[in-house]
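Working notes for the structure below.
Keep in mind that the numbers below use all heavy atoms, side chains included, and drop hydrogens, waters and symmetry copies. Numbered from 1 within each chain, the chains take letters A, B, ... in sequence-line order.
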Amino acid sequence: MPELPEVETTCRGLQPHLTGRRIEALKVRDARLRWPVARDLPGRIAGQRIRRLRRRGKYLILELERGALIVHLGMSGALRIVPADRAPQKHDHLDWLIEGVGALRFTDPRRFGSVHFVRGEPEKHALLALLGPEPLSADFNAAGLRRASRGRRVSIKEFLMNSRIVVGVGNIYANESLFHAGIDPRTSAGRISLKRYAALVDAVRATLDAALEAGGSSLRDWLHADGGSGYFQQQYFVYARGGEACRRCAQPIREIRQGQRASFFCPVCQRR
DNA sequence: CTTTTGACCTGACAGC
DNA sequence: TGCTGTCAGGTCAAAA
């Protein structure tokens with residue numbers, strides 16, 4: 001499912017196809033995404049060139065000549081370049097017709113994705129305005145985590161998945177990062193030392209870097225921009241490995257629920 | 001303010 | 001074979 005590495009992989013895959021190209025039209029087959037696609041969206045963007053494609057958290061931002069598109073892939077969304085005459089399948093909800101390229105096709109079986117148009121600065125949009133730092137930037141650091149966590153009783157796992165704290169860390173990478181940092185996911189965020197936060201920062205970066213290196217994870221219905229699939233899931237240390245032997249100490253991996261999400265951890269390698 | 005819970009949606013899968 | 005229930009994923013909104 002799209003977490004930061006998958007979104008980044010999509011972004012990089014699409015860049016050469018879209019940068020500088022003109023949007024001829026947007027075909028909306030099904031506007032019922034997480035938020036309904038605005039009726040006037042096609043009219044606002046038709047004829048505009050795509051100046052730049054970038055990522056912020058798990059959002060893709062297509063900067064146009066006037067305004068920008070903010071796209072989220074939700075949990076099952078994918079963007080691919082296809083021939084303009086390729087017959088749409090059941091969950092192919094949107095097609096941007098790109099001059100000289102074909103169609104940028106948005107597929108999303110669960111329709112948790114979204115598309116917004118903004119006139120001005122994308123970062124000022126409500127969806128982006130309150131986002132925390134990028135995990136691969138210097139703004140994500142132990143001191144910042146320590147400060148933000150003071151007095152917070154929420155578990156470190158849920159804290160790490162809060163996009164106001166840091167963007168792009170979803171369930172898979174939160175589990176994996178906490179394993180590599182040796183931190184029990186149930187630990188209160190406010191009780192974690194600066195030193196352990198430093199280890200966590202390193203672990204998050206290393207985990208995301210490894211996933212990016214592998215081309216992003218792929219579970220079932222997520223595909224790269226070019227249609228290939230990633231394979232990072234083969235490297236999981238704890239995620240989806242409940243009951244299996246820890247790769248480091250051979251103890252069975254425990255599975256619990258936190259905030260209605262599955263958490264996996266090694267009771268020996270990860271401490272409170 | 002923080003924290004928790006619910007909602008959104010579909011397909012895969014398990015169990016009967 | 002078909003039905004029912006559970007689960008996965010991300011994140012906003014409402015409730016506590």
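In this entry the distance linking CG of A/Asp108 with P of C/dG10 reads 13 Å, nearest Å. A/Leu127 places its CG atom 13 Å from the C1' atom of C/dA13, with the value rounded to the nearest Å. The separation between A/Arg56 atom CZ and C/dT11 atom P is 12 Å, rounded to whole Å. Counting to the nearest Å, the P atom of B/dT10 and the CZ atom of A/Arg32 are 7 Å from each other. Remark: P of C/dC12 and CE of A/Met161 are 12 Å apart, rounded to the nearest angstrom. One interatomic measurement links the two molecules: CG of A/Leu33 to P of C/dT11, which rounds to 15 Å at whole-angstrom precision. Here B/dT10 presents its P atom at 15 Å from CG of A/Asp92, a figure rounded to the nearest Å. Going from atom CZ of A/Arg111 over to atom P of C/dT11 covers 19 Å, rounded to whole Å.
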Could you list, one pair per line, each protein nitrogen or oxygen that sits under 3.5 Å from a nitrogen or oxygen of nucleotides 2-7 of chain C, together with the distance?
none

Below 3.5 Å between N/O atoms, which protein atoms pair up with nucleotides 3-7 of chain B? Just atom names and distances, please.
{"from": "B/dT3", "atom 1": "OP1", "to": "A/Arg153", "atom 2": "N", "distance (Å)": "2.4"}
{"from": "B/dT3", "atom 1": "OP1", "to": "A/Val154", "atom 2": "N", "distance (Å)": "3.1"}
{"from": "B/dT3", "atom 1": "OP2", "to": "A/Arg152", "atom 2": "NE", "distance (Å)": "2.4"}
{"from": "B/dT3", "atom 1": "OP2", "to": "A/Arg152", "atom 2": "NH2", "distance (Å)": "3.2"}

Indicate every side-chain donor-acceptor pair of residues 115-133 of chain A with a distance under 3.5 Å to a residue at least two apart or in another chain.
{"from": "A/Glu123", "atom 1": "OE2", "to": "A/Arg54", "atom 2": "NH1", "distance (Å)": "2.7"}
{"from": "A/Glu123", "atom 1": "OE2", "to": "A/Arg54", "atom 2": "NH2", "distance (Å)": "2.8"}
{"from": "A/His125", "atom 1": "ND1", "to": "A/Leu127", "atom 2": "N", "distance (Å)": "3.0"}

For residues 18-25 of chain A, dump all side-chain donor-acceptor pairs below 3.5 Å to protein atoms at least two apart in sequence or in another chain.
{"from": "A/Thr19", "atom 1": "OG1", "to": "A/Gln15", "atom 2": "O", "distance (Å)": "2.8"}
{"from": "A/Arg22", "atom 1": "NH1", "to": "A/Gly47", "atom 2": "O", "distance (Å)": "2.7"}

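Side chain A/Arg110 to base C/dA8: a donor-acceptor pair is found below 3.5 Å.
For C/dC12, one of the phosphate oxygens OP1 or OP2 lies less than 4.0 angstrom from a side-chain nitrogen or oxygen of A/Tyr59. Residue A/Arg261 places at least one side-chain N or O under 4.0 Å from the OP1 or OP2 atom of C/dG10. In this model, the phosphate group of B/dG11 is approached by a side-chain N or O of A/His91 to a distance below 4.0 Å at OP1 or OP2. For C/dG10, the OP1/OP2 oxygens have no side-chain nitrogen or oxygen of A/His72 closer than 4.0 Å.
Side-chain N/O atoms of A/Thr207 and A/Glu176 include no donor and acceptor closer than 3.5 Å.
At a threshold of 4.0 angstrom between heavy atoms, the contacts of A/Phe159 with the nucleic acid are absent.
A donor-acceptor contact shorter than 3.5 Å is absent between the side chain of A/Gln251 and the backbone of A/Val268. At least one donor-acceptor pair under 3.5 Å links the side chain of A/Arg55 to the backbone N or O of A/Gly57.
Applying the ring pair (Phe, Tyr, Trp, His ring centres under 6.0 Å) rule to A/His72 yields the partners A/Tyr59; only residues at least two apart in sequence or on another chain are considered. Taking A/Thr107 as the reference, A/Asp92 meet the side chain to side chain donor-acceptor pair (under 3.5 Å) condition, with sequence neighbours excluded.
When the nucleotides B/dG11, C/dT11, C/dG10 are ranked by their closest atom to the side chain of A/Lys90, B/dG11 comes out on top.
Clustering ILVMFWY residues whenever any of their side-chain heavy atoms sit less than 4.5 angstrom apart, transitively, puts A/Phe106 in the very cluster that holds A/Leu41. Grouping the Ile, Leu, Val, Met, Phe, Trp and Tyr side chains by contacts below 4.5 angstrom, directly or via other members, places A/Val71 with A/Ile50.
Looking at A/Arg105, A/Lys27, A/Arg86 one by one, the single match for side-chain hydrogen bond (donor to acceptor under 3.5 Å, both in side chains) with A/Asp95 turns out to be A/Arg105.
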